Every structure is written in structure tokens, then in C-alpha cells.
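Everything numeric in this text was worked out from a predicted model, so none of it was measured. Every number for a ligand or one of its atoms is a count from 1 in the order of the listing.
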Amino acid sequence: MLELINISKYYKTENGVSLGINKVNLKLELGEFVVITGESGSGKSTLLNVLSALDTYEDGDLLIFGEETFHFTSDDWENYRAQYIGFIFQKYNVIESYTVYQNVVLALEVQGYQEDLRKERALELIEKVGLTHRKNQRASKLSGGEKQRLVIARSLAKDCPLIIADEPTGNLDSESSKGIIDLLHDISKDKLVIVSTHDYDEVSHYATRKIRMKDGTIVEDYYVSKPKTTTNKLVKEPIQTKFKDILRFSFRNLFSTPKRLLFTTLLLFLTVSVFSVTYAFLMSGQDVILGDLKNETSSMKMNIYDKQGDFIDINDINDTGLSRSSTIYFENDSYYSSYGTVITGDNHATPRNSIVMENSLSLNEKDIHIGRAPENSNEVILNTRIYDTLKKTNVGFNIALLPASANTFNPRPSHFKSYKVVGVTDLGSLNSIFFHDDIFQDEEFALLSALKKSIDINIQVTVRERSSQITSVKTITVDKAKVRFDSSLEKNSIMINSNILPDPTFVSWRAAKVDFGPRFDNSFSTESLSYDNLFFTTPNAYDDLVLSTSYLEPLLDAFFGDNYQPSGATVFVRDLKEARNFINNIDRSKYRILYANEQLSDDLLFSQVEYTIIAVFLLVLFGVLLFSALGVVLRNINLSRNNDFAIFRSVGASKKSLQTQFLIEQIIITLIAVTLSLVLLLVLNVTVYQLNIAMRYLSWYHYLILILFVTFLSIRNAINYNKKIFNLSVISTLEGKMEVYA
Ligand code: ADP
Ligand code: MG
């Protein structure tokens, strides 16, 4: 059956080469019970390893059923091992974390043994070696003799013609030894059994042939008794482990060693978390790096106006595909912003050139470090620095804001509008005040803003010169900042500051007409006013033009019609990419974009691309380094599994199926770790403010990339490991020759 011709095997050692076996010639047949004896170091193990293709050899030929093997690929050897050979070693090769039953059934599973018969067969074999009472024990709990019985049961499960036992009793007391030898004899019919021992007497009564070795050569070889003749036919199908079983192994391996599972998962979890947090910070840093965003404004701002001075179509803005983290405020965001504004606390006034109205919806709960979010349109949140200048110790006080339309230099108390400060935030600029969202939906507010900003208010007055009795029409333009509505004025009345009249003494006023300009399609104007509802104020009055609030309603109607139609929009984008996206998607022939934030210049758009490239590069580098380090640690942890892998191979698992199995294990662990890391990230998001800010800039695809990249790195580690370990010979693996990486 087996024929060795001049086979030599050398081991490379540190100080040269050491001889394993030297020019061994041997012919072995089925039915033999061969005992190999010899002192320690005489080459017994080497010979058995070569015979069973657990190890390679340098010179000579090995014939299997007369077939030459020099052309065998590693797959062929794998097949040979898997189909023909059952192994029993001195160092009881059981998977310690498996139960007795699992150890035996493993061999059946690897071979793809008929599924419904596996259990029965495994129990039968366990019975045969006398371990039925321990079948659900972990193998680690067995005594030496029991482990060896287990190994025998498992090698029988393979149903192979060759049983190779290398000092199977080496570590056993004499009673257990006898049991094992008896068992070997029991199973030896039809098979070729080769047993090595340094105590020949132990096996002498079963041996059909005795071979003695010394210094790597056979020094004695004779038949003790006549071998049984056998008709064992050796037509075997190559072993094909089913994917379902591979999957089963992966799970069993993971969960039969819960401590290792926990530890490796924890390690991976920490690595993934460190990477995720780094990722969040680096990716969100895209805009922070470009400007003093931390100190100025939480996001970038663009003001959008219609080039023709028309209304803005809300859909045009909404359809630009801005992400959820961008915000759009229509029209009225700058009610307070363009002209001088004074904020007064209870007894402290802080002049401001302008106020940036921001929507409190853009703040997260965590951004408000004192107080809370506004609950109605009379409540606001201040930026920390305004708050500080007001010298307050807590929120809850009122501030008064002066609308930009009011007379800044001599404001009247009635011009101020009072707001309750309910919170303080670091975000936004020095001039930011965060209002309740309602205020941005408030049409009246929007109207005031619109009037202030861009409507030409013409007061058309008809004048009659006294002397000539000729009627002529003069138009006076009123400073937009000095228009105000007043509820104390009678219905449909207006008041004009006599200061702006051409020459009151020469003019006899018959009527006045206020025209609200092109924004209203010139369709809205006051009717001609007679003396009855046309009043004048003295030249040093505060306002140029005061309108009765009865005009508000029709003005709103004219301005917004049935729909709220803003005349401008302010868009806050979270980063430059988003800005560019917006700029590209909006109809620029129709709309003008004012960059409120100089960060949006093309130069900086470019530098953001650069930043992103560098950030991605750094992340990849960091990720690869981090996971390589992790790989080294995991590799060392997995070294303890070499024994298990070798057992898998010795019962016939192919390299490929083992690699798949290991890969699946890694993927499972990675998925667990990634899930845990994401949970951690979300928890940290709630508790760590800086991370919270960073994470706001991450959208779903960032998480997807993160998961994919991390999984990729983990799989890469697994593949590296696979290459390292499964390319060694089985025996090297078994003997732990896999290098330990420092
Ligand atoms: P036995 O099994 O009879 O004790 P071995 O086959 O293990 O003998 O060893 C035969 C010779 O080969 C010994 O001289 C031993 O030193 C050498 N040898 C065995 N394995 C290795 C190895 N992995 N590296 C170096 N030398 C080895
Ligand atoms: Mg040995």
C-alpha cells in the first residue's frame, strides 16, 4: 500500500541541518500491525509524519498504491491525508473546548457525512471506545487515557484504511496504555496500523511486524506474525465539507471558547471605537480647519435673492438637494440685522451694529449649556459672549431688541421689542441670537423685514402751490429704516415727519399717497389721503413715516398672497461641499447668491478638497496601522488555536474550508464589534459635547463607509493570518512553529 524509497528528511536548525531520517526504504501493506521502536530521537515521529504527509521530505519517493507522488500538489496531499489516514498522537490531539461528542462528530461533519446519521454514528463510536458516560463532557476535563480514546474514536469516524499512532501511550499509566493498545488492535482489521513506541513489550502480542530505528535509519525490520489478508477497496470520493457545516464550525468555535470570544471582540471593539472616533473628528473637521468657525458661526451662510427682485420660489431652494443638516430660512431672518441694534438688559445696554437672527432649531440640546430651547416666539437664546457682556448670572431676564427699521439714534421705548432670554450657547457668532422657529414662519415679521430691507417706499404727494394754483406732483422717498407701524394711529392714517417735506410753508397738502414699490408689483398703495387721516409730526420726531397697523393686513395680502412667498432666503450649509452642491443646483440665472461668509470662496472650496484628500489619506494610514497592530495581537491570541486547526486538518478539513471558516469567524466578531462601537459612539454622542458637534456632520454614508472600511481591515487581517498559518505543513502548525510576532 505504501512504499518509501530512499526517503530522507532534514530539519533546518539554527546551527545548520539536523537529520530526521536517512535513506529509508520501506513497504507497508494493509492488514499489518506495524510497531516502530527506537530510542527518543531515532526518527520514529519523522518517519510517521512523512508517511502521513503531515510533513514534507527532501529526497526519495513515496508511492501510494504504486502511484508516484512527486507530482502531488498540496491539494493532493491534503486529499490523501483526509481520505486515508487517521492520526493518534502522543500529545492527545483533542479540541479541548469541544465536548467529547463534538470532537467525534467533527470528523463526520468535515467529511460531509450524511446529516441524519451523524449523531447515531458518533454515539456508536463513543460507545466503542467506552466514553458514553462522558459524551457531553468538555474534552479538557478528560484524563489522558480518555483523551486518547477520544482521539481513536475520532480517527475511526474517518473510516480510513491507515491508522498512524505516534507513541499513543507515551503519557499514560500502564493500565490506560493497555486499554489503548487493545482498542487499536480491535480496530485494526482491514487497516494498516502503524504504532510507534519506545516500549515494544507493550504491543508485542499484537504486532505483526517490528521495525527498530536508530539515528534516522531502520536497523531492524522483521515479521512477528502473519498479517491478516484484506480486501479493503480504496475507492474514495474526495472530501467536500459543506458550507453549512463550515458555518456551524465557525459558530461552534466562537462560542465554545467564550473567554477568547469576549477578549477578541473587546479588542476589536476598542480598535474600531478608536478608529470611529478619529474618523468622526477628522471628517467633521473639514470646515473647522478652514476658518474660525468655532468662534464665528456654526455653519456657513448664503443669502439668496431673485435677480429681478421677485419673490423666491420656495421649491427652487428646496429642490437643490440640500442635506438634512443644512437649514434654510426664508426672508425674514435679518429683521434685526442690517442697521444698528441695541440690546438692553434690565439695566445694561449693549450696542450692536447688527444682530444675526438664527433659528434655534439649528441648535442641539447639547449646544445649550445654560437654560433650554425657546418654547415660543417671545423667547430667545443668546450667544455666550453677548450674555457675558450683559453681566448676568442666570437666564430668565428680558432683553429688548431694536428692529433695524427703527430710528437707531433716538429710539423710543415703543420701538423696542422685548424677548425673554431662556438659554445660552457657544455656537453662532458674537451677534447671534437664536429665535424660536415660529418667528421665521411669522408673516408679519417677514413683512417688516421685507419693508425694511428692500421695498422702495415712495410717498407721492400732490402739492398745490399757493400763488399759481397749479397742481404738481412731487415724490419723496422715505428712508427705509424710519418706517414704522403704530397701532395708536387711527384706521388708514399715516403720519409724515414734516422734516422730509420739501417746504411745508409753501405747500398746501391736499393729499398723500404711499406707494410700496415694485416688490408689491406697484399694486399696493394707500388710497389718497385727505387731511383727515394725514398727520404731520414735528421735524425732530423719531420716524419719517408711521403707518396705521390697519395697513398691515392688506400689505400682508399683497406681499404674500395666499402663500407665504419670501423675497429672499438664507441658507446655512454645514460644509463647503454642501455649499458647492447648492451653488451648482440652484438656477443662477435667476437667483443671486450673496456669500455672507467669505469661507465660501472658490479658493477655499479647493482647499477643502485638499483637506478631504489629506484626511482620507491619514484615516486610511491610521486605520491600516491600527489594524495591523491589532492583527499582531490577534495572531498571537490565535496561536493557541493552531492545535485545533491542525486537528481539523488531520480529520480531513481542507485548507480552503478552514480558511473560509476562520474568515467567517472574523466577520462575525467584526460585526459584533462594529455594532458595539456604533452603540458606543451614539452613547458618547449624548455625553461628550465635542464628539456630539463632530458627529453632526456625519451622515449615513459616513457610517456606511466606516463600517465597510473597518470590516475590510478586519478581513484583511484574517486573510493575512490565513496565509501565515495554513501555508505551513500540518506538523509545523501542530508543533507551534508558527512565528510569534512581537
Ligand atoms: P523520535 O520521534 O524517534 O523521538 P524524531 O523523529 O522526533 O525522533 O527526531 C528525529 C531527529 O530529528 C532528532 O535528531 C531530532 O532532533 C530531529 N528533529 C525532529 N524534529 C525536529 C525539528 N522540528 N527541528 C529540528 N530537528 C528535529
Ligand atoms: Mg517522537
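Closest heavy-atom approach to atom 4 (O) of ligand 1 among the candidates S18, G43, G41: G41.
Aromatic pair F709/F275: ring centres closer than 6.0 Å. Checked against the 6.0 Å centroid threshold, Y721 and F662 count as a close aromatic pair. A distance below 6.0 Å separates the ring centres of F249 and F648.
Around the Mg ion (ligand 2), the protein atoms of type N, O or S that sit closer than 2.8 Å are S45 OG.
Residues E58 and K12 are not paired through a salt bridge, judged by the lack of any N-O separation under 4.0 Å between the basic side chain and the carboxylate. Remark: R209 engages D221 in a salt bridge, criterion side-chain N to carboxylate O under 4.0 Å. The pair R121-E124 meets the salt-bridge criterion, since a charged nitrogen lies less than 4.0 angstrom from a carboxylate oxygen. A salt bridge links E96 to K147: one of the charged nitrogens lies within less than 4.0 Å of a carboxylate oxygen. A salt bridge links E115 with K244: the closest approach of a Lys/Arg side-chain nitrogen to an acidic carboxylate oxygen falls below 4.0 angstrom. Between D245 and R248 a salt bridge is recorded (basic side-chain N to carboxylate O distance below 4.0 Å).
When non-hydrogen atoms are compared, ligand 1 lies under 4.0 Å from the backbone of L19 (N, CA, C, O) but not from its side chain.
Using a 30° and 60° split on the angle between ring planes, F33 and Y206 fall in the tilted class, from 30° to 60°.
Ligand 1 places these atoms under 4.0 Å from at least one heavy atom of T46: 5 (P), 6 (O), 9 (O), 10 (C). Applying the 4.0 Å criterion to heavy atoms of E39 picks out, from ligand 1, the atoms 3 (O). Of all atoms in ligand 1, numbered sequentially from 1 with element shown, those under 4.0 Å from a heavy atom of S40 are 4 (O). Taking every non-hydrogen atom of T13 and a distance limit under 4.0 Å, the qualifying atoms of ligand 1 come out as 25 (C).
Considering backbone and side-chain N/O atoms, K12 never comes within less than 3.5 Å of an N/O atom of ligand 1. Considering backbone and side-chain atoms alike, S45 places an N or O below 3.5 Å from some N or O of ligand 1.
Heavy-atom separations between N49 and ligand 1 are all 4.0 Å or longer.
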